[in-house]
Q: 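What follows is a structure written as structure tokens; I'll ask about it next.
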Protein chains: 2
Amino acid sequence: MEKGYCPVDTFINFVKGKRKATIVLHLKQGTKRYKELSQLLPDISDRMLSKNLKELEEAGIINRKAYPTIPPKVEYSLTELGGQISPILKAMLKGGRLFEKRMEE
Amino acid sequence: MEKGYCPVDTFINFVKGKRKATIVLHLKQGTKRYKELSQLLPDISDRMLSKNLKELEEAGIINRKAYPTIPPKVEYSLTELGGQISPILKAMLKGGRLFEKRMEE
DNA sequence: CTGCATCCCCGTCGATACTG
DNA sequence: CAGTATCGACGGGGATGCAG
């Protein structure tokens with residue numbers, strides 16, 4: 001993840017991947033397993049989900065905890081940084097609704 | 001501009017175009033001419049700048065006022081909606097700096 | 001259950017050149 | 001000054017299938 005010319009772009013780069021923001025918002029509600037996230041986000045493929053999760057982990061936004069059991073079990077949760085940015089995502093959510101309202105007219 | 005599955009994505013769609021957010025932040029400082037924006041954003045081509053300006057105008061975020069003089073003169077400014085979302089962009093800017101600080105370590 | 005590998009399409013963006 | 005036209009490179013993301 002590279003630095004943008006302006007910090008706003010840096011932020012966008014962290015968040016623009018398909019569904020990344022939504023994943024964080026769901027994890028804000030509490031720790032979730034891979035399968036649960038997959039069900040909460042019906043419009044994303046496994047490929048993208050695991051890719052986004054990995055990137056979010058590398059960015060330090062989420063924690064990944066794998067249990068070496070059979071069948072495997074993996075839990076995802078927010079890091080402190082993840083908690084710090086979630087209010088911003090919430091603000092963006094509100095802003096998004098503003099746009100959606102406008103579009104309906 | 002289509003609606004996202006989650007409003008956060010709607011918001012991102014408005015803002016993720018290269019430099020769109022930065023344009024809004026500059027216009028927040030006051031009305032600017034095309035040339036001025038072009039100089040404030042040295043890393044964006046004319047093609048992208050005019051494309052982004054047009055999209056922001058269509059989204060209702062900025063106003064475009066052209067004076068039919070020679071040489072031509074066009075001024076861009078924020079709409080009320082543009083003013084409403086700029087605090088969110090500022091929050092994203094702060095968040096971006098958080099990320100950048102982390103990356104330096 | 002939790003992913004990764006492969007193939008491929010398509011939109012985004014840069015470079016360059018041109019116009020009213 | 002304020003853009004538009006065209007071409008081409010690049011990467012995100014979908015579909016499908018397979019593995020530990």
Side-chain angles (χ1 to χ4, degrees), chain A residues 1-6 8-24 26-27 31-59 61-77, chain B residues 1-6 8-23 26-27 31-59 62-77:
Chain A
M1 194 75 64
E2 79 291 358
K3 187 176 160 181
Y5 160 79
C6 162
V8 186
D9 298 305
T10 306
F11 189 87
I12 292 173
N13 284 335
F14 273 102
V15 141
K16 74 170 171 216
K18 179 151 197 186
R19 310 253 66 80
K20 243 185 252 186
T22 315
I23 291 172
V24 173
H26 277 302
L27 289 181
T31 297
K32 296 253 181 308
R33 296 186 56 177
Y34 180 90
K35 185 83 185 298
E36 293 178 282
L37 287 171
S38 172
Q39 287 163 351
L40 286 167
L41 305 164
D43 65 337
I44 187 175
S45 64
D46 276 336
R47 179 180 171 283
M48 274 301 120
L49 178 55
S50 65
K51 190 165 169 292
N52 284 344
L53 287 169
K54 185 179 291 182
E55 288 172 6
L56 287 168
E57 190 195 355
E58 285 166 0
I61 296 175
I62 66 176
N63 288 128
R64 180 182 187 278
K65 182 162 188 186
Y67 299 86
T69 57
I70 295 180
K73 175 178 168 182
V74 183
E75 287 180 346
Y76 293 95
S77 58
Chain B
M1 194 75 64
E2 79 292 357
K3 188 177 160 182
Y5 159 80
C6 163
V8 186
D9 299 305
T10 305
F11 189 88
I12 292 173
N13 285 335
F14 273 101
V15 140
K16 75 170 171 212
K18 178 150 198 188
R19 309 252 66 81
K20 243 185 253 186
T22 315
I23 291 172
H26 278 302
L27 290 181
T31 298
K32 296 251 181 310
R33 297 184 58 173
Y34 181 91
K35 186 83 184 297
E36 295 179 280
L37 287 172
S38 172
Q39 287 164 350
L40 286 167
L41 305 164
D43 66 337
I44 187 174
S45 63
D46 275 338
R47 180 181 172 282
M48 275 301 119
L49 179 55
S50 67
K51 190 165 169 291
N52 284 345
L53 286 169
K54 187 178 290 182
E55 287 173 6
L56 287 168
E57 189 195 357
E58 284 167 2
I62 66 176
N63 287 129
R64 179 183 189 276
K65 181 162 189 186
Y67 299 87
T69 57
I70 293 179
K73 174 178 169 183
V74 183
E75 288 180 344
Y76 294 95
S77 57

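Per chain, numbering begins at 1; letters A, B, ... match sequence-line order.
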Q: Under 3.5 Å, side chain of A:Ser38 to main-chain N/O of A:Tyr34, donor-acceptor pair present?
A: no
Q: Give the rounded distance in Å between these two atoms: CG of A:Asn52 and P of D:dG12.
A: 11 Å
Q: Report yes or no: is there a donor-acceptor pair, N or O only, under 3.5 Å between the side chain of B:Arg47 and the base of D:dT6?
A: yes
Q: Can you tell me how far C1' of D:dT4 sits from CD1 of B:Ile44, to the nearest Å?
A: 15 Å
Q: Go nucleotide by nucleotide along DNA chain D from the 5' end; which of A:Lys18 and A:Pro72 gets its closest nucleotide reached first?
A: A:Lys18
Q: Is there a side-chain contact between B:Lys35 and the phosphate of D:dC1, meaning an N or O under 4.0 Å from OP1 or OP2?
A: yes
Q: What's the CE-P distance between B:Met48 and D:dG3, to the nearest Å?
A: 15 Å
Q: Identify which nucleotide among D:dC1, D:dG14, D:dA2 has an atom closest to any side-chain atom of B:Pro71, counting heavy atoms from C-beta outward.
A: D:dC1
Q: Just to confirm, is there a sub-4.0 Å distance from OP1 or OP2 of C:dG3 to any side-chain nitrogen or oxygen of A:Arg64?
A: yes
Q: How close or far is atom P of D:dG12 from atom CG of B:Asn13, stated in whole angstroms?
A: 16 Å
Q: Do the side chains of A:Glu58 and A:Lys54 get close enough for a salt bridge, i.e. N-O under 4.0 angstrom?
A: no
Q: Please determine whether a side-chain nitrogen or oxygen atom of B:Lys54 lies at a distance below 4.0 Å from atom OP1 or OP2 of D:dT4.
A: yes
Q: So, is A:Ser50 close to the C:dC4 phosphate, meaning a side-chain N or O under 4.0 Å from OP1 or OP2?
A: yes
Q: So, does B:Arg19 get its side chain near the phosphate of C:dT12, meaning an N or O under 4.0 Å from OP1 or OP2?
A: no
Q: Find the distance between NE2 (B:His26) and NZ (B:Lys32) and round it off to the nearest 0.5 Å.
A: 8.0 Å
Q: Please report the distance, rounded to the nearest Å, between CG in B:Leu41 and C1' in C:dG14.
A: 16 Å
Q: Is there a donor-acceptor contact under 3.5 Å from the side chain of B:Asp9 to the main chain of A:Lys18?
A: no
Q: In whole Å, what is the span from the NZ atom of B:Lys73 to the C1' atom of C:dG20?
A: 19 Å
Q: Considering all heavy atoms of both residues, which atom of B:Tyr67 and which atom of B:Glu75 are nearest to each other, and what is their separation?
A: OH-OE1, 3.1 Å
Q: By the 4.0 Å heavy-atom rule, please label A:Lys51 as base, sugar-phosphate, or nothing.
A: nothing
Q: Is there a side-chain contact between A:Tyr76 and the phosphate of C:dG3, meaning an N or O under 4.0 Å from OP1 or OP2?
A: yes
